[in-house]
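What follows is one structure encoded as structure tokens, with my remarks underneath.
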Amino acid sequence: MKNFYFEKTHNDKHSKARTGYLHTPHGVVETPMFMPVGTLATVKFLTPEDLKKVGSGVILSNTYHLWLRPGEDVVDAAGGVQKFMHYDGPMLTDSGGFQVFSLADSRKIKEEGVTFKSHLDGSTLFLSPEKSIQVQNKIGADIIMSFDECPPYPATYEYMKNSVERTLRWAQRGKIAHQRPEDQALFGIVQGGEFEDLRRFSAEELVKMDFPGYSIGGTSVGEDKETMYRMIDYAIKYLPDDKPRYLMGVGSIDAILEGIERGVDMFDCVLPTRIARHGTCMTSVGRINIKRKDYEYDFTPLDPKCDCECCQNYTRAYLRHLHRCNEGLASRLLSIHNIRFLINLTEQARIAIKEDRFTSFKEQVLSQSGFDGRGF
RNA sequence: GGAGAGGUAGCGAAGUGGCUAAACGCGGUUGACUGUAACUCAAUUCCUUCGGGUUCGGCAGUUCGAAUCUGCCCCUCUCCA
């Protein structure tokens, strides 16, 4: 596909970390990068202009959610999701596979696809690999995902083996169903849980199908960090060097750094925006819960080292006030900050990689004052 | 001056003899959150040296036992003069 390709620019000499450019029909973005999640064609509380300001490269949207509302035909009629939401940058849609996992109540996974209940009205829905791709073709994102099963953790080897095999068949079916390979890059998703041979099998089989990019799925589903890092190692080992690797659903500071060190190029996560709405912030001095009484009279910036709109213009005391009063501006400003924080983290990471000092950069960030090992 | 209603934890509000240290909501405090059913959810909220102590306007009673029953007092609100 001409409109989409990955161009590796540098390999850290002492780790598997690398930098590159991801070329998409809606622009070129540098990797490793963090992608904010905008499930319903909006990153909650932010405008596309806000996202541009914080240096966001790619944003996500979601097949399942847009399929239900407003419906893929509306998005298609609008001219695609970017036009629909007045955003002109690169986008990626998740396939709905994760919803099969997160809306796990009363779902039935069969070879044809998954039957499950709508979270909106309880009606019975059916999503298949073909249907997911068909919807994603209409939504029109630059990068689309294979319809996969995100298996629970822990799962037995037997369960995982069946799931991996089925997800591979679904990947093949989705590839065949894909109507717009010229302007939408379809990624395959490596599964296999904590099992090395299954991760390997999943990766190798996907590579045979030749996707323009590969995702690592089934992480951040309850396993401990060390297990997750092993899952990444198992998968990446068998993925081609010249294709982008996307670690799905990972957005804590330590996990992003560990992922980059292992050769991951793309991350997405709801964490920064969700915890922002709940009053928690990632900062250079560690985790800050803006609700705390400690900040009642604190007229300093949220993060003294941050260059975002929130930290440049507002104080902790004011942000605490806004949050306590349930003012939407708190959600907006804290979301801007958290996203900027992670994007800045990846920007710094890219510089470190280019200077072949990624591991020491990682160690330095993780040992920063206030970082208490709780994830960020 | 007359008639009526009422005073319960920071606030609002249940409770009308024991299962009530007192429902529920708000407010307060703390925590969680990882391909978004999430401006959500959880814990905690009289004092405590964790043994216990002191509460339901105040005081005095009835009772084995009172926020709940009786008497007096204080205060608030509504209506009529």
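Protein chains get the first letters and strands the later ones, always in sequence-line order, with residue 1 at the start of each. Just so you know, these numbers use all the heavy atoms, side chains as well, and skip hydrogens, waters and symmetry mates.
- Protein atom CD of E223(A) is 10 Å distant from nucleotide atom C1' of U34(B), rounded to whole Å.
- For C41(B), the paired base is G31(B) (Watson-Crick or G-U wobble, both distances below 3.5 Å).
- Each salt bridge (Lys or Arg N to Asp or Glu O under 4.0 Å) pair with one or both residues in residues 193-203 of chain A, not counting sequence neighbours, appears once here: R200(A)-E204(A).
- Contacts of T39(A) with the nucleic acid, taken as non-hydrogen atoms under 4.0 Å apart, include base atoms.
- Here the nucleotide nearest the side chain of D94(A), chosen from U30(B), C33(B), U36(B), is U36(B).
- For A5(B), the paired nucleotide is U76(B), the pair qualifying as Watson-Crick or G-U wobble because both relevant distances are below 3.5 Å.
- Near-neighbour residues of RNA chain B inside residues 46-68 of chain A, defined by a heavy atom below 4.0 Å, number-ordered: L60(A), N62(A), H65(A).
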Derivation of the ring pair (Phe, Tyr, Trp, His ring centres under 6.0 Å) call for H321(A) and Y314(A): CA-CA 11 Å; H321(A) 161 69; Y314(A) 305 96; over 10 Å; no
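- Note on L68(A): it clusters hydrophobically with V114(A), by side-chain heavy-atom contacts below 4.5 Å among ILVMFWY residues.
- With E309(A) as reference, R332(A) is the one residue of R340(A), R332(A), H337(A) to meet the side chain to side chain donor-acceptor pair (under 3.5 Å) rule.
- Counting any heavy atom pair closer than 4.0 Å across all strands shown, Q191(A) reaches a base atom.
- Within the nucleic acid shown, G218(A) comes within 4.0 Å of at least one base atom, counting heavy atoms only.
- Contacts of W67(A) classified as ring-ring contact (aromatic ring centres under 6.0 Å, His included), with partners at least two apart in sequence or in another chain: none.
- Regarding D265(A), its CG atom lies at a distance of 19 Å from the P atom of G35(B), rounded to whole Å.
- Rounded to whole Å, the P atom of C56(B) lies 13 Å from the corresponding atom of G10(B).
- When the C1' atom is compared between A67(B) and U20(B), the two are found 9 Å apart, to the nearest whole Å.
- The NE2 atom of H278(A) sits 13 Å away from the C1' atom of U34(B) (whole-angstrom rounding).
- Between C39(B) and R274(A), no contact under 4.0 Å exists linking OP1 or OP2 to a side-chain N or O.
- No hydrogens or angles considered: a donor-acceptor pair under 3.5 Å links the side chains of T19(A) and T9(A).
- Between R320(A) and N326(A), the residue anchored nearer the 5' end of RNA chain B, judged by the nucleotide with its closest heavy atom, is R320(A).
- Side-chain contact, S284(A) with D303(A): a donor N or O sits under 3.5 Å from an acceptor N or O.
- Distance CG (D148(A)) to C1' (G35(B)): 8 Å, rounded to an integer number of Å.
- Counting any heavy atom pair closer than 4.0 Å across all strands shown, R324(A) reaches sugar-phosphate atoms only and no base atom.
- Checking U30(B), U36(B), C33(B) against every side-chain atom of D294(A), the shortest atom distance belongs to U30(B).
- The glycosidic torsion of G53(B) lies more than 90° away from 0, which places this base in the anti conformation.
- Atom NZ of K44(A) and atom C1' of A38(B) are 8 Å apart (whole Å).
- Nucleotides C19(B) and G65(B) place their C1' atoms 14 Å apart, quoted to the nearest Å.
- One atom, CZ of F101(A), and another, C1' of G35(B), lie 10 Å apart when rounded to the nearest Å.
- Of all nucleotides present, only C59(B) satisfies the Watson-Crick or G-U wobble test against G71(B), with each distance under 3.5 Å.
- Within 4.0 Å (heavy atoms only), D268(A) reaches sugar-phosphate atoms of the nucleic acid but no base atom.
- Across all strands shown, A21(B) forms no Watson-Crick or G-U wobble pair with both distances under 3.5 Å.
- Taking atom P in both U54(B) and A66(B), the straight-line distance is 13 Å, to the nearest Å.
- Heavy atoms from other residues, nucleotides or ligands lying under 6.0 Å from NZ of K8(A) number more than 12.
- Atom name C1', nucleotides C80(B) and A9(B): the rounded distance is 37 Å, in whole Å.
- Residue contacts for T273(A): at a heavy-atom cut-off of 4.0 Å it reaches a base atom on one of the strands shown.
- Among U34(B), G31(B), G35(B), the nucleotide with an atom closest to any side-chain atom of N289(A) is G31(B).
- In this model, the phosphate group of G35(B) is not approached by any side-chain N or O of S102(A) to a distance below 4.0 Å at OP1 or OP2.
- Nucleotides G61(B) and C75(B) have their C1' atoms positioned 22 Å apart, rounded to a whole Å.
- In this structure, the NZ atom of K291(A) is 13 Å from the P atom of A42(B), given to the nearest Å.
- The interatomic distance linking E149(A) (CD) with G35(B) (C1') rounds to 14 Å, in whole Å.
- Separating the C1' atom of G18(B) from that of U63(B) is a span of 12 Å, rounded to the nearest Å.
- Out of U36(B), U29(B), G31(B), the shortest distance to the side chain of R277(A) is found at U36(B).
- Counting all heavy atoms, side chain and backbone alike, S146(A) lies closest to F211(A) at OG-CE2, 4.0 Å.
- Pair assignment for C50(B): none, as no Watson-Crick or G-U wobble contacts are both less than 3.5 Å.
- Between G7(B) and C69(B), the distance separating the two P atoms is 11 Å to the nearest Å.
- Between Q99(A) and G35(B), a side-chain N or O to OP1/OP2 separation shorter than 4.0 Å is absent.
- A66(B) makes up no base pair with any nucleotide shown, lacking Watson-Crick or G-U wobble contacts both under 3.5 Å.
- Residue Y238(A) is not grouped with residue V164(A) when hydrophobic side chains (ILVMFWY) are merged at heavy-atom distances under 4.5 angstrom, including chains of intermediate members.
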